[in-house]
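This structure is in structure tokens; I'll ask about it shortly.
Whatever order the structure lists ligands and atoms in, that order sets their numbers, starting from 1. Hydrogens, waters and symmetry mates play no part in the numbers below; they use all other heavy atoms, side chains included.
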Amino acid sequence: MNESALFEQKVASETAIEPKDWMPEHYRKTLIRQIGQHAHSEIVGMLPEANWLTRAPTLHRKAVLLAKIQDEAGHGMYLYSAAETLGGDRTELYQKMLAGEMKYSSIFNYPTLTWADIGVVGWLVDGAAIVNQVALCRTSYGPYARAMVRICKEESFHQRQGYEAVTALANGTEAQRAMLQDAINRWWWPSLMMFGPNDSESPNSAQSMAWKIKRLSNDELRQKFVDNTVHQVEALGMTVPDPDLKWNEELGHYEFGEIDWEEFNQVIQGHGICNQERLDAKRRAWDNGAWVREAALAHARKQNVRQVA
Ligand code: ACO
């Protein structure tokens, strides 16, 4: 059997593709793109939450938020490592993101205006991320699938802490309830956009589904998220900001309104509310961290010399 047939056979039989296996160049490139963008999303995703670290309402909430943000950094590192197993260069990928040549998730270009946003980000944004990432635990590339298993466990904790934080607000004063509803109104539609364009408009989906890089389509994942989440909104005594939302008994799914694709396209082309601010923050962090990278390299060189001697 030739290499290409062996690869196809592995994909068909759901035997993981491993780093040293032969794979089509396009498969490798698609994975480096997706895993790289996923890693960037974890790293940029730390910023909207960090905005509230110094203003968390209690020491307990601050400690939990800090732990969550550190988890996101860890997820980014796992994912960059997974991209490296495919020959991706971590620094090169990161520089492409800083130069605006590589995407990260649209969701992180929205501002966190109130404390309720932090709860809603944990609940809705991490909730949406989990729906996608649970499916990715069965992705065909072994190191990516294995990274997802660990990441999903942590994301699940993030989602629960978000829901716990919003529950406290829902049981709070009128002002807290209004703040929560406002946050839901602002984050609902951007959360639905996280799953990407409709299947008919998604240029990468057909090939990624055929190679089992993606196991469920953008629209299937989005539907799952809506079906999972509507009753959670209702349990909080809040409303979903979608007048077209209705349960379809026959299909066993919620029908929902049209996403503002113009807004989505603007955001992924770099023109969202916070795109500039996010990239500026990451560029500053890269420049300010130069001395740390130099020191770490100098230390590694010294250790090497000692080991050789
Ligand atoms: N934000 C930014 N870009 C997006 C988004 C989004 N929400 N959705 C789609 N895009 C981009 C795609 O990256 C692609 O751009 P590119 O070809 O220049 O790379 C383009 O829009 C067209 O979309 P698709 O053809 O549907 O792209 P793809 O098949 O890669 O599917 C998806 C997009 C579903 C996001 C997929 O890449 C994926 O599952 N990625 C892994 C999960 C992930 O990255 N999650 C990040 C947020 S979770 C978190 O960090 C907490």
Side-chain angles (χ1 to χ4, degrees), residues 26-27 29-49 68-69 71-80 82-83 93 96-97 100-110 120-141 144-145 147-148 151-152 154-159 162 187 189-225 259-261 263-272 274-275 278:
H26 187 194
Y27 176 86
K29 286 212 171 101
T30 300
L31 274 167
I32 294 177
R33 174 187 65 79
Q34 178 168 323
I35 298 172
Q37 290 182 356
H38 195 164
H40 301 332
S41 305
E42 300 283 357
I43 298 298
V44 177
M46 296 164 74
L47 292 170
E49 297 189 310
K68 175 183 188 300
I69 296 172
D71 285 351
E72 311 290 5
H75 298 173
M77 295 306 125
Y78 276 170
L79 287 162
Y80 286 125
L93 290 172
K96 276 193 181 161
M97 190 269 287
E101 292 162 12
M102 227 179 140
K103 297 186 175 83
Y104 57 86
S105 183
S106 50
I107 194 73
F108 300 120
N109 293 305
Y110 292 85
V120 169
V121 166
W123 163 42
L124 294 184
V125 174
D126 290 323
I130 293 174
V131 169
N132 184 339
Q133 292 173 167
V134 164
L136 287 173
C137 291
R138 294 185 298 117
T139 189
S140 55
Y141 186 58
Y144 192 23
M148 281 300 122
I151 289 176
C152 278
E154 292 179 351
E155 292 291 6
S156 172
F157 150 67
H158 298 171
Q159 198 267 352
W187 289 92
W189 291 104
S191 298
L192 298 197
M193 292 176 195
M194 286 175 70
F195 299 98
N198 286 140
D199 296 348
S200 55
E201 306 297 318
S202 160
N204 301 300
S205 274
Q207 184 60 78
S208 289
M209 296 283 287
W211 277 330
K212 297 184 182 168
I213 291 175
K214 286 167 87 163
R215 302 306 309 258
L216 292 174
S217 77
N218 298 3
D219 287 331
E220 285 169 328
L221 291 167
R222 187 165 19 245
Q223 184 69 57
K224 245 181 195 297
F225 173 73
I259 289 171
D260 183 347
W261 293 115
E263 176 179 323
F264 172 76
N265 287 323
Q266 285 294 318
V267 175
I268 68 170
Q269 282 160 26
H271 311 302
C274 297
N275 292 62
R278 300 290 183 243

Quick one: side chains of residues 263-270, donor-acceptor pairs under 3.5 Å with protein atoms, not counting sequence neighbours, listed by atom name and distance.
residue	atom	partner	partner atom	Å
Glu263	OE2	Tyr110	OH	2.5
Asn265	ND2	Trp261	O	3.1
Gln266	NE2	Glu262	OE2	3.2

Any donor-acceptor N or O pair under 3.5 Å, side chains Asp199, Ser217: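 There is such a pair between these side chains.
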
Side chains of Asn198 and Asp219, donor plus acceptor under 3.5 Å: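 Note: Asn198 and Asp219 side chains meet the donor-acceptor criterion.
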
Between the protein and ligand 1, are there any N or O atom pairs that come within less than 3.5 Å of each other, and if so, what are their names and distances?
residue	atom	partner	partner atom	Å
ligand 1	1 (N)	Ser106	N	2.8
ligand 1	1 (N)	Ser106	OG	3.3
ligand 1	7 (N)	Ser106	OG	3.0
ligand 1	7 (N)	Met193	O	3.3
ligand 1	7 (N)	Met194	O	3.2
ligand 1	13 (O)	Gln37	OE1	2.8
ligand 1	15 (O)	Lys103	NZ	3.1
ligand 1	17 (O)	Asn204	ND2	3.2
ligand 1	18 (O)	Lys103	NZ	2.4
ligand 1	19 (O)	Arg33	NH1	2.9
ligand 1	19 (O)	Gln37	NE2	2.9
ligand 1	25 (O)	Ser202	OG	3.0
ligand 1	25 (O)	Pro203	N	3.3
ligand 1	25 (O)	Asn204	N	2.9
ligand 1	25 (O)	Asn204	ND2	3.0
ligand 1	26 (O)	Ser202	OG	2.7
ligand 1	26 (O)	Asn218	ND2	2.9
ligand 1	27 (O)	Asn204	ND2	3.3
ligand 1	29 (O)	Lys214	NZ	2.7
ligand 1	30 (O)	Arg33	NH1	3.1
ligand 1	30 (O)	Arg33	NH2	3.2
ligand 1	31 (O)	Lys214	NZ	2.9
ligand 1	39 (O)	Asn132	OD1	3.4
ligand 1	39 (O)	Asn132	ND2	3.0

Neighbour count >12 (heavy atoms, 6.0 Å) for atom NZ, Lys96: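 No - once you tally the heavy atoms of other residues, nucleotides and ligands closer than 6.0 Å, there are 12 at most.
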
Side chains of His158 and Glu155, donor plus acceptor under 3.5 Å: yes

Worked check of side chain to side chain contact (heavy atoms under 4.5 Å, CB included) between Tyr141 and Leu136: CA-CA 10 Å; Tyr141 186 58; Leu136 287 173; over 6 Å; no

